[in-house]
Engineer: 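One structure coming up, written as structure tokens, with questions to follow.
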Amino acid sequence: QVQLVESGGGLVQPGGSLRLSCAGSGIIFSSYDLGWYRQAPGEQRELVAMMSKGGSTKYVDSVKGRFTISRDNPKNMVYLQMKNLKLEDAAVYYCHAGGLFVMGGRHDFWGQGTQVTVSS
């Protein structure tokens, strides 16, 4: 059974920092592209940051220079370091693992989400 479990969310003031963590089990992280998505109330879920299994990264423009995604494959962990948080960063953040396999097809797994609240 595959599980992705996020942690590290919470309440932070504008300008503050948080580090989200996602622990995976039941899959081999090194075989997957890993990403962080977020969804604010009334909004669609959007990709925030992604790191391919090869190590390339992609960020949504609004977080470039403030957020950093990293991964630790031996530990089956992916992180999102968030700095200089803004009010508009408030959302539920979801961990995602995705991969396309020659024999097994496409696989996508999601965590349950962790709430990030930015408020003064």
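Sequence positions, counted from 1, serve as the residue numbers for this chain.
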Engineer: Nearest heavy-atom pair of Ile27 and Ala97: which atoms, and what distance?
Structural biologist: CD1-CB, 3.9 Å

Engineer: Identify the two heavy atoms, one from Ala90 and one from Ala40, that lie closest to each other, and give their separation to 0.1 Å.
Structural biologist: O-CB, 3.8 Å

Engineer: Side chains of Arg38 and Leu80, heavy atoms from C-beta outward: is any pair under 4.5 Å?
Structural biologist: no

Engineer: What's the shortest heavy-atom distance between Cys95 and Val78, and which atoms?
Structural biologist: SG-CG1, 3.6 Å

Engineer: Test of understanding: with ring-ring contact (aromatic ring centres under 6.0 Å, His included), list the residues that count as partners of Phe67, not counting sequence neighbours.
Structural biologist: none

Engineer: Are Met51 and Tyr93 joined in one hydrophobic group, where the rule is that I, L, V, M, F, W and Y side chains link up if heavy atoms are under 4.5 Å apart?
Structural biologist: yes

Engineer: Charged N to carboxylate O below 4.0 Å: is that the case for Lys64 and Asp61?
Structural biologist: yes

Engineer: To the closest 0.5 Å, what do you measure between CD (Gln13) and CG (Leu85)?
Structural biologist: 11.5 Å

Engineer: Any sub-3.5 Å donor-acceptor pair from Asp33's side-chain atoms to Gly99's backbone N or O?
Structural biologist: no

Engineer: When you look at Tyr32 and His107, which way does the side-chain contact (heavy atoms from CB on, under 4.5 Å) test go after all the steps?
Structural biologist: CA-CA 9 Å; Tyr32 289 80; His107 293 272; 4.2 Å; yes

Engineer: Using links of under 4.5 Å between side-chain heavy atoms of ILVMFWY residues, direct or through other members, which residues join Met50 in one cluster?
Structural biologist: Tyr37, Leu47, Val92, Tyr94, Trp110

Engineer: How about His96 and Asp108: do any of their side-chain heavy atoms sit closer than 4.5 Å?
Structural biologist: yes

Engineer: Crowded around Leu11 CG? As in, over 12 foreign heavy atoms under 6.0 Å?
Structural biologist: yes

Engineer: With the side chain counted from C-beta on, respond yes when Gln81 and Ser70 share a heavy-atom pair under 4.5 Å apart, and no when they do not.
Structural biologist: no

Engineer: Working to the nearest 0.5 Å, report the span between NZ of Lys83 and OG1 of Thr68.
Structural biologist: 6.5 Å

Engineer: Evaluate side-chain contact (heavy atoms from CB on, under 4.5 Å) for Glu46 paired with Val60, printing each intermediate quantity in order.
Structural biologist: CA-CA 9 Å; Glu46 67 168 350; Val60 67; 4.1 Å; yes

Engineer: Measuring from Ser30:OG to Asn76:CG, what's the distance to the nearest 0.5 Å?
Structural biologist: 7.5 Å

Engineer: Are Met82 and Val48 side-chain neighbours, meaning at least one heavy-atom pair lies under 4.5 Å?
Structural biologist: no

Engineer: Applying the 4.5 Å side-chain criterion to the ILVMFWY set and letting contacts propagate, would Val116 and Ile69 be lumped into a single cluster?
Structural biologist: yes

Engineer: Any chance you could measure Glu6, atom CD, to Gln112, atom CD, to the nearest 0.5 Å?
Structural biologist: 4.5 Å

Engineer: Short question: side chain of Arg71, backbone of Gly55 - any donor-acceptor pair under 3.5 Å?
Structural biologist: no

Engineer: Can you measure from CZ (Phe29) to CG (Leu34) and round to the nearest 0.5 angstrom?
Structural biologist: 5.0 Å

Engineer: Once rounded to the nearest 0.5 Å, what's the spacing between atom CG of Leu20 and atom CH2 of Trp36?
Structural biologist: 4.5 Å

Engineer: Between Val63 and Leu87, is there shared hydrophobic-cluster membership here, with clusters defined by ILVMFWY side-chain heavy atoms closer than 4.5 Å?
Structural biologist: yes

